[in-house]
J.: 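The structure under discussion is supplied below as structure tokens; questions concerning it will follow.
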Amino acid sequence: MASRIPVTILTGFLGAGKTTLIRHLLGNACGRRIALVINEFGDLGVDGALIEGCGESACGAGEIVELTNGCICCTVSDDFVPAMESILARDVLPDHVVVETSGLALPQPLVRAFNWPRLRNRLTIDGIIVVVDGKAVVEGRFASDPVAVDIQRQADANLDHESPLAELFEDQLVSADIVVVNKSDLLDPDEVDGLIARLRHESREGTRVVAARNGELPADVVLGVRAAAENGADTRQARHHHDDEDHDHDHDEFESFVVEFGSVAEPETLSARIEETVRKHDILRIKGFATVSGRPMRLAVQAVGPRVEHYFDRPFRPDEERATRLVVIGLAGLDRTGIRTGLTAAAC
């Protein structure tokens, strides 16, 4: 069976910056062909703006599906599932699908939809990204323009839930794999730190919280999370609090670097070192390939937060260098020396 196409669900209230994040993502897609499903029907002209901002190599006009019949969590069978089936029926399949929901959408019905027989063998939820307006949340409004959100609510004849904004916000957080505190440039550094700590506390354990301005996040932070959220739908309805951590970073910048060394004795040894290093240094992502001593296959490695996956993906080519090469991605100010020391301790 062919690999399932990864799908990123992007949610957040009207005005939080979802469309801006998508435009930045498409402009920095690194060769990926991305299909879009857009449900933010209150954001007029979004289709044209996205096409203008992305470029054919990432997302042409034919790659965008607009759903304008209301909140897709309330029209899953009528709108969302057929939209995904239309993408799967294309002659050329996308590398990735991004679904921008209405800010009124409950994420859980969409997560459950990926277990429908018509979708479950061909699609997987790569990650759920929640974009929040940092200034609005600090001020207790949740959305930058609550009146506009209320107008959106009144205009949606298919909306079947009347949850207050605070409850919708909680539903978004508990479903998230990554929470993006957007418009961080409108807050003082202490306010950003406090909000990140608060959102970590209110989210599930393992949820990453990052700050951004103008939706500018590297594609490798947003895509490739590999959460397979459809397999844990029930856990995204429960609250799991965890301890706050101290953070003192430039929240608007990211950095990445490569750690290279020789072979590792066992995949489990490398995974343990990666997990320990990620937790100690608050790393967002680690990905790459490793050489396992005595094994003819290349080991693919992927870490999102403390969750580490590894598998042998193919045999080494005769002329290929046998080495371990890991790309580390995180907020600016990473302790590169400490991270290298932690990872290379896995070398044999």
Side-chain angles (χ1 to χ4, degrees), residues 3-4 6 8 30-32 95-96 124-127 177-178 200 204-210 217-229 231-232 235 240 242-243 245 247 249 254-348:
S3 298
R4 294 186 293 170
T8 294
C30 303
R32 298 177 180 90
D95 301 311
H96 205 107
T124 181
I125 303 176
D126 180 68
D177 295 292
I178 299 175
R200 273 203 180 92
R204 292 176 305 112
E205 185 174 5
T207 299
R208 314 302 292 173
V209 183
V210 299
L217 289 172
D220 282 341
V221 170
V222 180
L223 305 182
V225 177
R226 300 177 68 178
N231 295 332
T235 68
H240 300 285
H242 50 92
D243 295 335
E245 301 175 22
H247 298 271
H249 300 295
F254 294 82
E255 66 173 292
S256 64
F257 65 97
V258 177
V259 177
E260 295 187 74
F261 52 96
S263 301
V264 300
E266 298 290 344
E268 291 74 18
T269 302
L270 178 59
S271 291
R273 295 305 305 174
I274 289 175
E275 180 177 348
E276 181 180 342
T277 304
V278 165
R279 291 185 183 278
K280 183 176 181 179
H281 296 280
D282 197 29
I283 297 165
L284 294 173
R285 296 279 299 279
I286 292 180
K287 60 180 184 176
F289 301 97
T291 297
V292 179
S293 181
R295 300 294 293 269
M297 302 282 287
R298 187 177 71 169
L299 184 74
V301 181
Q302 168 85 226
V304 180
R307 189 180 71 250
V308 184
E309 298 177 354
H310 58 76
Y311 58 92
F312 290 102
D313 70 330
R314 64 166 175 80
F316 283 107
R317 293 187 293 268
D319 60 345
E320 189 172 7
E321 180 184 5
R322 303 292 182 94
T324 297
R325 189 174 188 272
L326 303 174
V327 179
V328 180
I329 303 169
L331 296 168
L334 290 173
D335 177 5
R336 296 192 178 198
T337 300
I339 292 169
R340 282 196 176 92
T341 299
L343 295 176
T344 57
C348 60

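Values below: all heavy atoms of this structure, side chains included; hydrogens, waters and symmetry mates excluded.
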J.: Given side chains that start at C-beta, do those of P267 and V292 come closer than 4.5 Å, heavy atoms only?
T.: yes
J.: Going by side-chain hydrogen bond (donor to acceptor under 3.5 Å, both in side chains), name the residues that satisfy it together with T8, two or more places apart in sequence or in a different chain.
T.: H96
J.: Could you check whether any side-chain heavy atom of V264 comes within less than 4.5 Å of a side-chain heavy atom of T269, counting everything from C-beta outward?
T.: no
J.: Mind checking what makes salt bridge (charged side-chain N to carboxylate O under 4.0 Å, His left out) contact with D177, not counting sequence neighbours?
T.: R204, R236
J.: Applying side-chain contact (heavy atoms from CB on, under 4.5 Å), run through V328 and I283 and close with a yes or a no.
T.: CA-CA 7 Å; V328 180; I283 297 165; 3.7 Å; yes
J.: Applying salt bridge (charged side-chain N to carboxylate O under 4.0 Å, His left out), name anything that partners D95, two or more places apart in sequence or on another chain.
T.: none
J.: State which residues pass side chain to side chain contact (heavy atoms under 4.5 Å, CB included) with D313; sequence neighbours excluded, sorted by chain then number.
T.: F289, R298, A300, Y311
J.: Applying side chain to side chain contact (heavy atoms under 4.5 Å, CB included), can you list everything that pairs with A323, at least two apart in sequence or on another chain?
T.: E321
J.: Please name all residues satisfying side chain to side chain contact (heavy atoms under 4.5 Å, CB included) with P218, sequence neighbours left out, ordered by chain then number.
T.: V221, F254
J.: Checking E266 now: which residues fulfil salt bridge (charged side-chain N to carboxylate O under 4.0 Å, His left out) with it, not counting sequence neighbours?
T.: none
J.: Could you tell me which non-hydrogen atom of D126 sits nearest to which non-hydrogen atom of G224, and how far apart they are?
T.: OD2-N, 2.9 Å
J.: What closest approach, in Å, do S271 and H310 show between heavy atoms, and which atom pair accounts for it?
T.: OG-CD2, 2.8 Å
J.: Any chance you could measure L326, atom CG, to I286, atom CD1, to the nearest 0.5 Å?
T.: 6.5 Å
J.: Do P315 and P296 come close enough that some side-chain heavy atom pair is under 4.5 Å?
T.: no
J.: Just jot down the salt bridge (charged side-chain N to carboxylate O under 4.0 Å, His left out) partners of R322, sequence neighbours excluded, or say none.
T.: none
J.: For F316 and M297, work out which heavy atoms get closest and say how close.
T.: CE1-O, 3.4 Å
J.: If you take all heavy atoms of H281 and L334, which pair is closest and at what distance?
T.: O-CD2, 4.1 Å
J.: Look at the side chain of T324 and the backbone N and O of T291, then say whether any donor-acceptor pair between them is shorter than 3.5 Å.
T.: yes
J.: If a pair satisfies salt bridge (charged side-chain N to carboxylate O under 4.0 Å, His left out) and one of its residues is in residues 326-338, list it, with sequence neighbours excluded.
T.: E255-R336
J.: Can you give me the closest heavy-atom contact between I329 and D220, atom names plus distance?
T.: CD1-CB, 3.6 Å
J.: Quick one: closest heavy-atom pair of I274 and A303, and the distance?
T.: CG2-CB, 3.8 Å
J.: Suppose the criterion is side-chain hydrogen bond (donor to acceptor under 3.5 Å, both in side chains): which pairs have a residue in residues 337-348, not counting sequence neighbours?
T.: none
J.: Rounded to the nearest 0.5 Å, how far apart are CG of N231 and CD1 of I125?
T.: 9.0 Å
J.: Sequence neighbours left out, what passes side chain to side chain contact (heavy atoms under 4.5 Å, CB included) with E276? Give chain and number order.
T.: R273
J.: For E309, give me all partners under side-chain hydrogen bond (donor to acceptor under 3.5 Å, both in side chains), at least two apart in sequence or on another chain.
T.: R226
